[in-house]
Structures are given as structure tokens and as C-alpha cells.
Participant: 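Dropping the structure in here first, questions after.
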Amino acid sequence: MVVLQVVPEESSRGGALLEECQAAVGGVVVNTGSEGAFGVPVLASAAARFAYHFEDRATQGASRAVELADGLVAAQRDFTNTDEEAADGARALGELSHRFGSGHSSGTVVDRDTGRVVSYRGLTS
């Protein structure tokens, strides 16, 4: 059995951290310098290319942070919906077991893959 425990507060905090990251990294502007600072035009050009490369990476990182935050919000919404659907299903099963008998169930089902008849007996309340 797999048990997944989702703590909404932790997901919310993760989303807030991603938003902080996006705000911090998204505003990065690199000063590329000038020929006056570096002295040689070739060196100034190389420094500018280097700076633009990392400015671009900062922009990509900020964009990725936004995507992750959006994904985290969507996952939290899906976890909540799934949890509510499971609870509704469990309540419905509980109501049916009380309505149709002593809380025990038994019967047979056909395994679709093998065609074999399988019998079961269980306690549903």
C-alpha cells in the first residue's frame, strides 16, 4: 500500500519561495561594462557576451520558477480534489453497507485478464 501525505502549508511555503526566487532572479540586469572600463574593444565585446549569457540564464531561471510555482498550485488543487472524491466514495460505500446488510460482503468476480472466476468475502463496515 502507498500512502501519500500532502501538507498544504508546506506546498504553500514552497510556492512562496519559488515566487521570491522569480522576483529576485527576474530583475537581474548585468552591467556589461564598456570599452572605457576594459580598454580594448575585443575585451569589452567578450565581457558583454559573457554578461548577456548569464543575464539570459537568470531570465530562464525566473521563468522556470514561475512554471514550478504554477505546477505546485495545480498539484495541490488536484490532491485536494482527489482527497475529497475519495472521502465521498468512502462515505457512499459506508452508507451502502449499512443499508444492505450486516456489513459483510461476499461474491464472485471475473478477472478480465485471465477469465478466471475469483470469489471474495470481506468486511465493509
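Just so we're clear, the structure is a prediction, and the values are computed from it rather than from any experiment.
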Participant: Atom CD of E19 and atom CG of L72: how far apart are they, to the nearest 0.5 Å?
Facilitator: 9.5 Å
Participant: Given side chains that start at C-beta, do those of D88 and R91 come closer than 4.5 Å, heavy atoms only?
Facilitator: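 When only atoms from C-beta onward are counted, R91 and D88 do touch, with a gap below 4.5 Å.
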Participant: Quick one: do N81 and E85 satisfy side-chain hydrogen bond (donor to acceptor under 3.5 Å, both in side chains)? Show the steps, please.
Facilitator: CA-CA 6 Å; N81 290 342; E85 289 173 9; 6.0 Å; no
Participant: Tell me the closest heavy-atom pair linking Q22 and A62, and the distance in Å.
Facilitator: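 Nearest heavy atoms, Q22 then A62: CG-O, 3.4 Å.
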Participant: State plainly whether the residues R13 and E10 are in salt-bridge range, i.e. N to O under 4.0 Å.
Facilitator: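 Salt bridge: no.
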Participant: Verify the neighbour count for atom CZ of F50: are there more than 12 heavy atoms of other residues, nucleotides or ligands below 6.0 Å?
Facilitator: no
Participant: Identify the two heavy atoms, one from L18 and one from A69, that lie closest to each other, and give their separation to 0.1 Å.
Facilitator: CD1-N, 3.6 Å
Participant: Give a yes or no on whether the backbone of T59 and the side-chain of S63 come within a donor-acceptor separation of less than 3.5 Å.
Facilitator: no
